[in-house]
Amino acid sequence: MKFAFVATEKASFPVAFMCRHLEVSRRGFYAWRLRPESHRAKEDRRLRLSIRAAWKKSRRTYGSHRLH
């Protein structure tokens, strides 16, 4: 989660500064960027898109209990 924050904010602040204050290594951040997306993350993204489609199909009226 910290690496994702660094990636989104690197245009505003230097990477070294953010890594130091978030107590993560710069090497770890750059290794994280090069790592392929995990199978779990791919499945979570697919499920999120499916749930969003069902929510839109219900005209955005169904809540989490009904979609579950």
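Since the structure is predicted, the reported quantities are computational estimates derived from the model, not experimental observations.
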Check this for me: His21, atom NE2, are more than 12 non-hydrogen atoms of other residues, nucleotides or ligands nearer than 6.0 Å?
yes

Sequence-distant partners of Arg35, side-chain contact (heavy atoms from CB on, under 4.5 Å), two or more places apart
Ala31, Trp32

According to side chain to side chain donor-acceptor pair (under 3.5 Å), who are the partners of Glu43, at least two apart in sequence or on a separate chain?
Arg46

Using side-chain contact (heavy atoms from CB on, under 4.5 Å) as the criterion, list what pairs up with Ala41, not counting sequence neighbours.
Glu37, Ser38

Below 3.5 Å, can you tabulate the donor-acceptor pairs from side chains in residues 3-19 to any protein atom, sequence neighbours excluded?
unit_1, atom_1, unit_2, atom_2, d
Thr8, OG1, Ala4, O, 3.4
Thr8, OG1, Phe5, O, 2.9

For Arg26, what residues pass the side chain to side chain donor-acceptor pair (under 3.5 Å) criterion, not counting sequence neighbours?
none

Report the residues that fulfil side chain to side chain donor-acceptor pair (under 3.5 Å) with Arg40, sequence neighbours left out, ordered by chain and then residue number.
Asp44

So does Arg52 have more than 12 non-hydrogen atoms from other groups sitting under 6.0 Å from CZ?
no

Kindly work out whether a path of hydrophobic side-chain contacts (I/L/V/M/F/W/Y, heavy atoms less than 4.5 Å apart) joins Tyr62 to Leu47.
yes

